[in-house]
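To keep things clear, I will list the structure first and then write my remarks on it.
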Amino acid sequence: MTYTKYSISQLTSGAGLNQKVRVQGWVKSKRESKNVVFISLNDGSTIKNVQIVGDPEKLGETLLRTINSGASISASGILQTSHGKGQTVELAAENIIVDGEADPEIYPLQPKKHSLEFLREIAHFRPRSQTFGAVFRLRHAMIFAVHQFFNDRGFYNIHTPIITGSDAEGAGEMFRVTTLDPLNPPVNEAGGVDYSKDFFGKETNLTVSGQLEVEAFAQSMGLVYTFGPTFRAENSNTSRHLAEFWMIEPEMAWYDNNDNMDLAEAFLKYLVNYALDKCADDLEFLDKRDTQEEQQKPQHQRQELSLIDRLKFVSEHQFERITYTEAIEILKNSKPNKKKKFQFLIDAWGSDLKSEHERYLVEKHFKKPVIIYNYPKDIKAFYMRSNGDNTVAAMDVLFPGIGEVIGGSQREERLEYLQKRMKEMHIPEEELWWYLDLRKFGTITHSGFGLGFERLVQFVTGMNNIRDVIPFPRTPGSAEF
RNA sequence: UCCUCCUUAGCUCAGUUGGUUAGAGCGGCUGACUGUUAAUCAGUAGGUCCUUGGUUCGAGCCCAAGAGGAGGAGCCA
């Protein structure tokens with residue numbers, strides 16, 4: 001009596017029919033009657049469940065009592081064409097082993113709809129729910145697609161350091177990394193903490209960006225990208241921010257900012273298409289879920305398109321490309337600006353665009369993804385290439401619902417321009433001597449961008465809160481699990 | 001960090017101008033019934049009303065502080 005082990009994904013896509021098979025998973029629900037018992041089982045390999053059919057007398061009351069929602073079981077039997085509706089195949093159980101019981105009185109995941117907020121509190125169980133199963137299968141697909149896209153185009157993946165000795169990366173507050181005793185740190189002559197006694201002999205932090213380091217590899221290996229964890233100690237409490245998140249940063253030798261925008265657009269479309277192609281079942285589920293959520297909202301806040309239609313829309317339409325200056329003109333003449341509906345009115349060139357302005361451009365004016373480029377130099381980072389006027393060759397890709405999904409630029413490759421800019425922005429040259437070296441020896445035109453991975457996953461899954469697209473979210477005041 | 005809102009059964013929520021014993025649906029349990037699909041029907045158990053302090057004859061309800069959560073803003077990806 002040998003049973004071949006299959007995943008539920010394999011069984012529901014045609015494998016094992018009329019054969020002796022074994023499946024292992026977690027019980028979703030059990031429906032019992034005198035003559036027959038049905039168990040819905042899921043193993044995470046697909047959103048679909050497999051139905052197990054059994055004879056209550058043969059399985060025995062003692063065993064059946066322990067088969068409750070959340071219990072893990074191994075079921076063996078013949079996979080047969082289903083006698084009932086709702087599924088094509090079902091497993092006629094000859095034998096069931098309960099691997100781990102789940103006391104229904106206290107198991108927190110009930111066979112009913114739960115709020116996302118509640119599931120966040122049981123983050124160790126939430127991947128057993130349909131929604132989070134779908135989200136994390138999609139997240140995996142996006143990780144895989146990122147590497148596929150770059151590998152197919154001759155990019156090399158570079159692991160840039162997680163611990164950095166530089167605090168000049170210029171992207172916000174950092175988390176300190178230290179082995180010093182917080183209650184009794186060594187003190188220097190000036191009375192401050194003596195970091196020369198610390199593990200690395202200097203003050204170190206968790207990285208806020210791998211960009212500067214990966215530039216060194218772009219200027220030696222050509223096309224490169226990082227995909228790693230990133231840490232920001234900002235006290236940001238929004239549905240779009242995490243203290244620990246994952247970022248993808250490609251950096252390309254001999255790319256100007258136009259090449260950069262072309263790549264960004266092709267990249268995003270590739271990822272969206274990959275999801276549409278490879279994750280149809282999960283997307284269909286999330287699409288329904290998204291539609292139900294939207295119906296709870298008042299009419300004027302609803303999205304016009306369903307999740308799948310939003311993805312198709314992005315993949316099928318060219319992104320709108322406008323300069324910052326053009327964006328300001330559009331906003332200045334816009335209805336909400338004239339009627340003073342914006343909280344921040346647009347009056348002059350040079351101010352930064354706020355969320356409400358980005359949303360207006362993407363969701364109301366163009367109704368598609370928008371790339372804004374050539375920003376005023378005063379609102380952008382020191383390493384962005386000067387256009388010769390008062391702008392730099394920066395570019396931001398804005399998506400409906402989530403705002404900025406990509407931020408990038410052509411990098412300043414001219415040593416004297418870079419030094420001047422660093423001086424103006426009070427960035428000490430000693431900190432970045434090696435970064436300047438790259439401009440002294442064999443400098444080249446190059447560009448790159450950063451994609452917030454979770455924001456992409458938000459867009460692709462339709463999840464409104466970024467805490468629901470990362471396994472165990474880290475946010476201010478919250479590092480449970 | 002700022003603004004707004006929320007916290008009542010395992011979950012989602014209702015709870016009147018402050019007034020006897022705090023309710024519903026779902027979930028759990030018990031039973032019945034059925035090739036069932038988050039089954040159905042009947043019954044049943046289940047409460048530190050977030051915490052602390054205050055006002056009051058009396059607080060789930062009013063006031064203050066704190067904790068946790070959500071939405072928005074800023075910062076950004």
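Reminder, nothing fancy here: chain letters follow the sequence lines and each chain counts from 1. Below, all heavy atoms of this structure are taken into account, side chains as well, without hydrogens, waters or symmetry copies.
- A:E454 comes within 4.0 angstrom of nothing in the nucleic acid, heavy atoms only.
- The base of B:U1 is paired with the side chain of A:N237 by a donor and an acceptor separated by under 3.5 Å.
- Between A:R31 and B:U37 there is no side-chain polar atom (N or O) within less than 4.0 angstrom of OP1 or OP2.
- Residue contacts shown for A:S236 include a base, since a base heavy atom lies under 4.0 Å away.
- Judged by distance alone with a 3.5 Å cut-off, no donor-acceptor contact links the side chain of A:E234 to the base of B:U1.
- A:P104 comes within 4.0 angstrom of the backbone, heavy atoms only, and of no base.
- Listed pair A:K113 / B:C26 fails the phosphate criterion, with no side-chain N or O lying under 4.0 Å from OP1 or OP2.
- The base of B:U36 has none of its N or O atoms less than 3.5 Å from a complementary donor or acceptor on the side chain of A:E32.
- Among the atoms of the strands shown, only primed sugar atoms or phosphate atoms (P, OP1, OP2) are found under 4.0 Å from some heavy atom of A:S239.
- A:Q87 comes within contact range of at least one nucleobase, with a heavy-atom separation under 4.0 Å.
- Using cut-offs of 30° and 60° on the angle between ring planes, the pair A:F342 and A:Y360 is perpendicular.
- Rounded to the nearest Å, the gap between the P atom of B:C62 and that of B:A73 is 29 Å.
- Between the side chain of A:E117 and the base of B:G69, no donor-acceptor pair of N or O atoms lies under 3.5 Å.
- Closest approach of A:F231 to A:V208, counting heavy atoms only: O-CG1, 3.0 Å.
- Distances shown here put a side-chain N or O of A:R359 below 4.0 Å from the OP1 or OP2 atom of B:A73.
- Under the 30°/60° scheme for interplanar angles, the aromatic rings of A:F382 and A:Y435 are found to stand perpendicular.
- Here A:V37 lies out of heavy-atom contact (under 4.0 Å) with every strand.
- The separation of B:A22 from B:G46, taken at their P atoms, amounts to 13 Å, rounded to a whole angstrom.
- A:H114 places a side-chain N or O within 3.5 Å of a backbone atom of A:Q110 that can act as its donor or acceptor partner.
- The base of B:C76 sits within donor-acceptor range of the side chain of A:R455, with an N or O pair under 3.5 Å.
- With hydrogens and angles ignored, no donor-acceptor pair closer than 3.5 Å exists between the side chain of A:E105 and the base of B:G46.
- Annotation: B:G54 and B:C61 have their C1' atoms spaced 15 Å apart (nearest Å).
- When heavy atoms are screened at a 4.0 angstrom cut-off, A:R120 is found touching the sugar-phosphate backbone but no base atom.
- Checking the phosphate oxygens (OP1, OP2) of B:G71, no side-chain nitrogen or oxygen of A:T238 falls inside 4.0 Å.
- Comparing atom distances between the A:E90 side chain and each of B:G74, B:C11, B:G35 picks out B:G35 as nearest.
- A gap of 8 Å separates the C1' atoms of B:A67 and B:C50, to the nearest Å.
- Using a cut-off of 4.0 Å between Lys/Arg side-chain N and Asp/Glu carboxylate O, A:D282 and A:R289 are scored as not salt-bridged.
- Applying the 4.0 Å criterion to OP1 and OP2 of B:A70, one finds that A:R467 has a side-chain N or O inside that range.
- Classification of A:D396 and A:K380 as a salt-bridged pair holds, one side-chain N sitting under 4.0 Å from a carboxylate O.
- Below 30°, between 30° and 60°, or above 60°: for A:W246 and A:F227 the angle between ring planes is above 60°, a perpendicular geometry.
- Comparing B:C11, B:C33, B:C75 against the side chain of A:R240 picks out B:C75 as the nearest.
- With a 3.5 Å limit on both pairing distances and Watson-Crick or G-U wobble geometry required, the stems of 3 or more pairs in RNA chain B span B:1-7 with B:67-73, B:10-13 with B:23-26, B:28-32 with B:40-44, B:50-54 with B:62-66.
- Between the side chain of A:H241 and the base of B:C76, at least one donor-acceptor pair of N or O atoms lies under 3.5 Å.
- The aromatic rings of A:F144 and A:Y274 lie tilted to each other, with the angle between the two planes from 30° to 60°.
- Ring stacking holds between A:F245 and B:A77, with the centres under 5.5 Å apart and the planes within 30 degrees of each other.
- To the nearest 0.5 Å, the span separating CD on A:Q130 from CG on A:L286 amounts to 10.0 Å.
- Taking side-chain N and O atoms only, A:S115 has a distance below 4.0 Å to OP1 or OP2 of B:U12.
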